[in-house]
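First the structure, in the form of structure tokens, and then the observations on it.
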Amino acid sequence: MIRHKTRITRRSRYRQGELPREEGACRKDWGGRLPIVLIYPNSYYLGMSNLGIHAVYRLLNREDSVVCERAFQEGGNGEKKPAVLSVESRRRLTDFAVIAFSISYELDYFNVVSILKASRIPLRAVDRDERHPLVIAGGPCVAANPMPLSPFFDCLCIGEAEAILPKMLPVLEEGIGGRRDELLKTLASLPGVYVPRYNGRTVVRQRVANLDDFPVTSVILTPDTELGDLYLIEVQRGCNWSCRFCLVSTVFSPARFRSVGRLLETAAEGLKYRPRLGLVGPAVSDHPQLEELLTGLLRMGAKFAISSLRVNRLSDRILEAIARGGARTITIAPEAGSERLRQVIKKDIGEEDVRRVVEKAAGLGIKQLKLYFMVGLPSETDEDIEEIIRLTLESRAVLERKQSGTRLTLNVAPFVPKAGTPFQWLPMASLQTLNRRISRLKSVLPAKGIKVKSESPAWSQVQAVLARGDRSVAGVLESIEEVTLAGWRKAVEKCRLDADYYAHQRWDTGQALPWGIIDSGVKAGQLERGMEKAVG
Ligand code: SF4
């Protein structure tokens with residue numbers, strides 16, 4: 001699944017106004033080309049580790065008729081944000097014909113609003129015309145539920161850029177400079193494009209069939225990013241495990257893998273730039289030829305890190321290969337402590353699998369073991385939290401017995417219901433329950449030498465409102481004066497938004513969903529059956 005740390009804006013080492021230390025950026029002459037600025041609405045530090053940014057940057061700049069530059073939101077929380085400038089030519093956003101946001105995380109919606117406001121671009125699409133840049137967006141959050149952002153965008157891309165852009169670019173090239181309403185009407189007729197002003201129709205999510213047709217790797221290399229020592233390679237998209245809380249298995253499905261041959265070719269190229277590779281995907285260990293891939297990488301002398309492993313897919317041979325590839329950390333995501341709750345969420349891994357991988361990792365000299373859990377899952381009780389404690393302490397006992405020196409870290413995140421998943425109708429737990437359960441974990445485990453990191457329940461509640469929100473949530477985003485919890489509450493009150501309805505109420509399966517216009521390819525009946533099997 002996609003995991004994010006709660007952050008509104010993460011500080012970068014790169015500051016706007018300086019040139020970042022990077023290689024591979026594309027600087028084109030603007031003459032006669034369609035200028036597009038691709039914005040990651042958070043810091044350069046975070047954005048440059050997002051493969052989606054690299055992929056779209058490559059796709060756009062390979063067109064001779066387009067010049068694509070990047071922009072990020074710098075400045076810490078609460079700081080007055082300056083107008084954003086593009087990295088490549090230091091131009092203002094209003095100098096571009098198209099402003100394209102790539103949005104991966106709901107809490108970045110605040111930055112979307114502040115970026116447009118600071119650039120003096122009318123926030124609502126209805127207030128813009130031919131004199132303004134066309135403002136568009138894509139990314140996982142938009143594909144799941146574009147509604148809270150929909151008043152701000154001229155159009156939103158529902159699905160994968162590789163599938164949508166080839167049809168969209170000629171329309172933009174033809175229509176920019178002409179009448180805006182004509183351009184929007186034409187965009188609204190394209191597959192996967194949602195134009196809030198004109199669409200009443202269902203928008204079908206777009207995806208590519210064969211990943212090998214579209215390389216997705218680091219395009220620009222910089223040390224000033226989270227994963228700056230790695231050359232990133234996308235191995236997989238989508239996931240077939242169907243965990244009931246997870247967006248990946250519905251919004252990005254089905255699972256697709258790059259071929260081993262293509263991955264090894266890409267790896268050989270990447271090793272010219274970095275000695276370590278980052279293999280990226282929601283469940284990389286599902287690759288049907290994982291062993292062959294890892295053996296091939298080891299033969300090349302590559303060091304590598306893998307973003308996600310399912311313990312029930314890890315044979316001893318694969319774990320050994322991962323260790324020989326220089327992995328320092330292994331991350332396991334049981335998500336729930338008890339077998340019962342793992343069945344509820346359909347996280348199909350057993351305690352035996354966890355134990356076996358911990359035992360093996362300890363013997364392989366892995367420096368850090370991270371365990372990911374969620375709290376507040378549907379039907380969770382205090383006993384389930386005690387089961388997290390038990391499983392964690394058992395894992396620590398294995399590490400101690402092996403005298404491996406492996407550090408154990410627990411990452412805890414509140415469950416947030418996401419649009420397009422079987423749990424989309426279910427409420428998140430109350431703040432009181434979440435705080436109590438996280439406090440229980442923090443009161444027991446650190447005393448035993450286990451580091452516990454947790455996401456903020458209060459910000460997760462905000463995230464839930466944005467994830468299940470409709471157009472009325474846009475009013476709150478628009479009117480917030482200060483992006484703090486107090487600022488959020490003030491704006492919610494001012495707009496008379498019933499935040500409790502979006503975050504904490506169970507919805508009737510018969511009611512219309514805000515994101516009902518999106519056809520993600522998964523039938524509502526299938527989602528409903530999943531939810532009923534879980535909680536009845
Ligand atoms: S294994 Fe489950 S949680 Fe992980 S990406 Fe797949 S569906 Fe999501």
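What you see is a predicted model, and the numbers here were worked out from it, not measured in a lab. First listed ligand is number 1; within each ligand, the first listed atom is number 1.
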Could you go through residues 317-327 and list every donor-acceptor pair under 3.5 Å that involves a side-chain atom there, pairing it with any protein atom two or more places apart or in another chain?
from, atom 1, to, atom 2, distance (Å)
Arg317, NE, Glu291, OE2, 2.6
Arg317, NH2, Glu291, OE2, 2.8
Glu320, OE2, Lys360, NZ, 2.8

Any N/O/S atom of Cys239 sitting less than 2.8 Å from atom 8 (Fe) of ligand 1, backbone or side chain? no
Would you call the rings of Tyr40 and Phe72 parallel, tilted or perpendicular if under 30° counts as parallel and over 60° as perpendicular? tilted
Show me which atoms of ligand 1 lie under 4.0 Å from any heavy atom of Ser242. 7 (S)
What part of Arg310 sits under 4.0 Å from ligand 1 if we count only heavy atoms: the side chain, the backbone, both or neither? side chain
May I ask you to check whether Ser253 and Arg207 show a side-chain donor-acceptor distance below 3.5 Å? no
Part of Ala333 with heavy atoms under 4.0 Å of ligand 1, whether side chain, backbone, both or neither: neither
Heavy atoms only: which of Gly238, Ser249, Cys243 is nearest to atom 2 (Fe) of ligand 1? Cys243
Please verify whether a non-hydrogen atom of Lys347 lies at under 4.0 Å from ligand 1. yes
Derivation and outcome, ring-ring contact (aromatic ring centres under 6.0 Å, His included), residues Phe153 and Phe101: CA-CA 10 Å; Phe153 285 96; Phe101 283 87; 5.7 Å; yes
Any chance the side chains of Gln424 and Trp507 put a donor and an acceptor closer than 3.5 Å? no
As an exercise, identify every atom of ligand 1 less than 4.0 angstrom from a heavy atom of Pro282. 5 (S)
Under a 3.5 Å threshold, yes or no: a donor from one side chain and an acceptor from the other, between Thr225 and Ser49? yes
Are Ala283 and ligand 1 in contact, using a heavy-atom cut-off of under 4.0 Å? no
